[in-house]
Amino acid sequence: MEQPNKKMELLGNAPIPKALLALGLPTMMGMLINALYNLADTYFVGGLGTDQMGAVTVAFPLGQVIVGLGLLFGNGAAAYLSRLLGRGDKKTADKVASTALYSSVLVGAILILGSILFLKPILKQLGAIESVMPYALSYAGIYITFSIFNVFNVTMNNIVSSEGAAKTAMCALMAGAVLNVGLDPVFIYVLDLGVMGAAIATAISQMISTVVYLCYIFGRKSVFSFRIRECCYSKEIMSEILKIGIPTLLFQVLTSLSIGMINNGAKEYGGSALAAMGPLTKIMSMGSLIVFGFLKGFQPIAGFNYGAKKFDRLQEAIKTSILWSTIFCAVFGLAAAVFPTQIMTLFTKGDSEMVRIGAAALRANGLSFILFGFYTVYSFLFLVMGKAKEGCILGACRQGICFVPVILLLPTVMGINGVLYAQPVADILSAVITAFMAVHLHKELNTVKTKFVHGKVEHAAP
């Protein structure tokens, strides 16, 4: 039990900067490499042509919906698991971890089967034009089928992060990412499999990440046990998982919806505009994944200390996470805004129109990305505290409540620029809403803290 005890010490007593770095940095590095291999897919496919790039672009949001099932059960369980560990309830934690893992794989398999049966109409709804469709079917058929491994990986990533095993999450992500970067050129060009080769390389890489997590489980290195007989669908456990998991899934579905709406808006202006959305999405996703990776370290710290009623540590973790994530977002966003043309040129053989459109979009999205860290800290915080309604509202803002009206209205006024600037406008509106919700949350935390301290003093009085 020495290793689990060290994890609990890190969550509950280590200095906040040290704990955030120890838990957030490994996952952040893993997410960074994971994002880089997504970009590698886009880079290598970009050498095949504009239609092939469009195929990867339209398949991406469908894959994200399926991955959302891993987040539904994994992230929903992770928030609850952190609080259970803070309260010392290991028995219930084992039930929650087992229930989340096996449920995600079962539901994921059902959704994947349905997606394969209706793959062509789904891809058409996501923006696939006639010249792109053959490549999209070839890529997505393999990519979606083998995403069952990614559902497992995403669920496990959240569960092991909740117990502070950030290095394991990093190793699993890195193993798959490094392999994918190496396999992409082999399958795409050496074996001459084109976009199908990119999908095969991704599938193999995801299987390797699964192997890493299986070794962690069967090596008994986890705080939790994962047994089918421990699956428990009691009202308490399922409500705790789903009240956090459903807003997370909603966020993922809205992300995919927003990408699909952007793709549909862009395709009206030609194949080059549609293809430009692929690198844009992957580049901005890279920044987002790095922030998410770092905040995976914040999540168990916040949940553990909220459950243990260590409010000073919780508030320090919030302030430090906002500061550090905003600094990163500023650096990343400004780099994208200053060098958009140079970046977009890397993803095409010479389509100048794709570069022009992509650069304009990247410049605008880079500037608004500066607000992303602030927004995401509170999006994570509401969920980890079990505040499902507030978390659902905030999670739905950036790519739902604020985004959908903007993407429907702005292109009618500004044409293609309305498509390109829709996400930045939604980012600004979401940050304003976050600020109002954050003020209310901190007032509530101060009230709870005062009552708790007062109660302790009265209890200790002779």
Side-chain angles (χ1 to χ4, degrees), residues 32-33 35-58 60-61 127 129 131-132 181 184-185 188-189 195 198 258-259 261-291 327-373 403 406-407 410-411 413-428:
L32 171 60
I33 294 173
L36 286 173
Y37 95 65
N38 280 333
L39 269 179
D41 256 4
T42 307
Y43 173 77
F44 288 117
V45 170
L48 295 172
T50 298
D51 287 337
Q52 289 89 334
M53 175 67 79
V56 175
T57 300
V58 297
F60 182 69
I129 57 179
S131 61
V132 166
V181 172
D184 260 340
I188 294 173
Y189 295 109
V195 290
S258 68
I259 295 171
M261 293 182 76
I262 288 175
N263 291 344
N264 270 305
K267 77 177 184 182
E268 300 298 324
Y269 300 91
S272 295
L274 175 62
M277 298 303 103
L280 170 70
T281 300
K282 297 294 180 66
I283 291 164
M284 299 314 299
S285 291
M286 180 171 71
S288 302
L289 285 172
I290 294 171
V291 175
I327 290 172
F328 166 77
C329 288
V331 173
F332 184 92
L334 289 174
V338 173
F339 304 107
T341 302
Q342 294 88 332
I343 293 171
M344 291 301 298
T345 302
L346 297 172
F347 299 95
T348 177
K349 288 194 297 185
D351 188 335
S352 58
E353 182 66 2
M354 174 184 159
V355 172
R356 183 188 70 81
I357 293 172
L362 190 56
R363 185 179 297 110
N365 279 265
L367 291 174
S368 67
F369 187 72
I370 295 171
L371 303 169
F372 185 76
F403 177 82
V406 172
I407 190 65
L410 218 56
V413 179
M414 301 176 63
I416 182 64
N417 287 331
V419 177
L420 307 185
Y421 300 151
Q423 188 62 68
V425 171
D427 286 347
I428 295 169

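Each of Phe369, Phe339, Phe372 was evaluated against Phe332; a single residue qualifies, Phe369, per the ring-ring contact (aromatic ring centres under 6.0 Å, His included) test.
A 4.5 Å side-chain heavy-atom check between Leu362 and Met284 finds at least one atom pair inside the cut-off.
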* Passes side-chain contact (heavy atoms from CB on, under 4.5 Å), Phe347 versus Val355? Steps please. -> CA-CA 8 Å; Phe347 299 95; Val355 172; over 6 Å; no

* Go through the steps to decide whether Val56 and Gln52 satisfy the test side-chain contact (heavy atoms from CB on, under 4.5 Å), and finish with yes or no. => CA-CA 7 Å; Val56 175; Gln52 289 89 334; over 6 Å; no

* Asked: Can you check side-chain contact (heavy atoms from CB on, under 4.5 Å) on Val291 and Cys329, steps first, answer last?
  -> CA-CA 8 Å; Val291 175; Cys329 288; 3.7 Å; yes

* Test log, rule side-chain contact (heavy atoms from CB on, under 4.5 Å), inputs Leu367 and Leu334 -> CA-CA 6 Å; Leu367 291 174; Leu334 289 174; 4.2 Å; yes

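Under the side chain to side chain contact (heavy atoms under 4.5 Å, CB included) criterion, Ile327 pairs with Leu323, sequence neighbours left out.
Minimum interatomic distance between Asp351 and Ser272 (heavy atoms only, all atoms of both residues): OD2-OG, 2.6 Å. For Ala266 against Met277, the heavy-atom pair with the smallest separation is CB-CG, 3.7 Å. Between Thr57 and Ala275 the shortest heavy-atom distance is OG1-O, 4.1 Å. The shortest non-hydrogen separation linking Phe328 to Gly287 is CE2-O, 3.7 Å.
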Could you go through residues 413-423 and list every donor-acceptor pair under 3.5 Å that involves a side-chain atom there, pairing it with any protein atom two or more places apart or in another chain?
{"from": "Gln423", "atom 1": "NE2", "to": "Arg398", "atom 2": "O", "distance (Å)": "3.3"}
{"from": "Gln423", "atom 1": "NE2", "to": "Asp427", "atom 2": "OD1", "distance (Å)": "3.0"}

